[in-house]
Amino acid sequence: MRGAGALWLVAQFPAPLGRHAKRTLRRHRMLDHVIKGATVVDGTGAPAYTADVGIRDGRIAAIGIVTEGARTTEDAAGLVLAPGFVDPHTHYDAQLFWDPYATPSLNHGVTTVAAGNCGFTLAPLNPSRPSDADYTRRMMSKVEGMSLVALEEGAPWSWNSFGEYLDALEGRIAVNAGFMVGHCALRRYVMGPDAVGGQPSEEQLAAIVRLLHEAMDSGAWGFSTTQSTTHSDGDGQPVASRHAKPEELLALSRAVGEHEGTQIEAIVAGCLDQFSDAEIDLFAEMSAAAGRPLNWNVLTIDASVPERVPRQLYASERARKAGGRVVALTMPILTPMNMSLGTFCALNLIPGWGPILGLPVPERIARLRDPDVRAEMLKRATSKEAGVFRRLANFGRYVIGDTYSEANQGLTGRIVEDIAEERGQDPFHCLTEICAADDLRTVLWPMPTDNDPASWALRAETWQHEDVMLGGSDAGAHLDRMCGAPYTTRFLGDCLRRRKLVGLEQAVKMLTDDPARLFGLRERGRVEEGFHADLVLFDPERIDAGTATLVHDLPGDSPRLDAKAIGVRAVWVNGVEAIRDDVVSGAVPGKVLRSGRDTRTVSTR
């Protein structure tokens, strides 16, 4: 007997419904696989219905009562069959070389990933400067929290052009992947070290634009850039794209508009809190110049800052008036991110904290033990200039994670404010002493400040906005700090069994058809005859994500956070089974999705 979740579905959809289920489908050639009696949630937002789904040659060949022969079949009664999920913001650019399965995203039903975001890509690389590869690795390690050893040992670094980079992945990945081309790489290729701090000459700007055209001719999805103050390279300098002026950004945006199936992804400082007028104008002008959508990451929704959402969405309103479209990505779950006073993390980005946390460990500990220094750090952390990082300043609400010294035995899992009360210390003083006892290696988990009913109600309201889309996992980046990849399964579990802020059909649409339409993906994002058979089969009673745990499975034994998928029966990519019960099949059916061929233009004009 199945539980309440499945019984509810059966009650709602007791028999095959709609045009698909009224036909008995026959074909002359045998199907590859048939999924029998599934509850189909097709990605359009339409009501679910019960049907068989047949796959042939990587496509959905039949939906309804399927009676023709098939090489394999399975009973999916009581299970939901949905389109494969589309993650619009990842950094799998490097990981796919040592992990073709893009774990854990694929485990959680993601069959298509968009990478090359935030202005950071591994290509193009100038063949006359082999040292640029090392610069790129160190930059990616710093800004995206990737293991430097994994970057050095796990990828072949055999390419120069962007097309050669895409070719290096072709035929060896298990997910579908599309890539923007990063502004930093374009600038570095043409300007060399002068890309950091310098301005291109007319000839250099023309060369940067030509290089972008070449990348899009090879299949790049478009152009990504960052002007965020949080993005520094391996030398601690602002990354190359941060030095670009609006004229350069607009020239590159216009180039995007000359190619089919392209768009823009951009980050500015205001993405973290609230946009300035200049940033709103820049986004609107870039999108309008290209005639293509521009998406940015990430809209943080917190009822304690009610002015943030309308301010951030004013960029979308302004863009529409200018003939563009600006789309905000937002996460539908709270993604914990651990912190440390010993390694670079979000705490370093609090105003005034970076110079202190960048000192050698003994000096850092001495400074952290100075009451005047702590008082100034707390003042800066709670100031308006700290923006979204003010969320990190309630140090009493931190949970102690891994510890490494005898002095800290028994503290793992405890809340700092409780320990501080026992010791007669203020919470920040208590936290710094705990970390000092571990030579600053202590893992810290800040408890979310926006887990209140008002914030969740505001999220549900904001999700309905036409220029808001779910995403922002950063999967493939910040590997030992956070694990955003499971947002798909955790969100569905929330929709089915917990808060239920969105119905199942709408939730699936938000994870599938909505991002597929934004990117102009051809024949993906829906369970529809003729579409590519990117599918996920899951148990509605169990669908969820496990707790993130630290594993050492990267090249060089480097660590990352991983989370198990719960209730996902199987995932198919282009009609081939890639996951079964959270175990990869070993097949690599994914495609490098190239602009024009695999994407159509989504015009804003």
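Model, not experiment: these values are computed from the prediction. The residues of the chain are indexed from 1 along the displayed sequence.
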Does the pair R497/E541 count as a salt bridge with the N-to-O cut at 4.0 Å?
no

Working for side chain to side chain donor-acceptor pair (under 3.5 Å), residues R560 and T549:
CA-CA 8 Å; R560 65 165 178 154; T549 57; over 6 Å; no

Listing request: all ring pair (Phe, Tyr, Trp, His ring centres under 6.0 Å) pairs with a residue in residues 471-507, at least two apart in sequence or in separate chains.
W463-F491

ring-ring contact (aromatic ring centres under 6.0 Å, His included) partners for Y92, two or more places apart:
none

Quick check: are there more than 12 heavy atoms from other residues, nucleotides or ligands sitting under 6.0 Å from CD of E406?
no

Which residues pass the ring-ring contact (aromatic ring centres under 6.0 Å, His included) test with F120, sequence neighbours left out?
H231

CZ of R580: more than 12 outside heavy atoms within 6.0 angstrom?
yes

Pair D302 + R308: basic N to acidic O under 4.0 Å
no

Could you note down all residue pairs passing ring pair (Phe, Tyr, Trp, His ring centres under 6.0 Å) where residues 544-567 supplies at least one of them, sequence neighbours left out?
none

Could you tell me which residues satisfy side-chain hydrogen bond (donor to acceptor under 3.5 Å, both in side chains) with D438, sequence neighbours excluded, listed by chain and number?
S405, N408, T442

List the residues meeting side-chain contact (heavy atoms from CB on, under 4.5 Å) with V592, not counting sequence neighbours, and say none if there are none.
L166, L169, E170, I173, R594

Look at E417 together with R397 and state whether they make a salt bridge at an N to O cut-off of under 4.0 Å.
yes

side-chain hydrogen bond (donor to acceptor under 3.5 Å, both in side chains) filter on T512, not counting sequence neighbours, yields none

Sub-4.5 Å side-chain heavy-atom contact between L535 and I35:
yes

Is the count of non-hydrogen atoms from other residues, nucleotides or ligands lying under 6.0 Å from K142 atom NZ greater than 12?
yes

So, are R414 and E422 salt-bridged, with charged N and O less than 4.0 Å apart?
yes

S232 meets the side-chain hydrogen bond (donor to acceptor under 3.5 Å, both in side chains) criterion, sequence neighbours left out, with none

In short, ring pair (Phe, Tyr, Trp, His ring centres under 6.0 Å) pairs touching residues 421-443 with sequence neighbours left out are W353-F428, F395-F428

Set of side-chain contact (heavy atoms from CB on, under 4.5 Å) partners for L458, sequence neighbours left out:
I301, V309, E461, T462

Who passes side-chain hydrogen bond (donor to acceptor under 3.5 Å, both in side chains) against N297, sequence neighbours left out?
H89

Counterpart residues, side-chain contact (heavy atoms from CB on, under 4.5 Å), relative to E421 (two or more places apart)
none

4.5 Å side-chain heavy-atom contact, H91 and C118:
yes

Return the NZ to CG distance between K36 and L79, rounded to the nearest 0.5 Å.
15.0 Å

Regarding D87 and S473, do their side chains bring together a donor and an acceptor under 3.5 Å, going by distance alone?
yes

Ring centre gap for F519 and W221 strictly below 6.0 Å:
yes

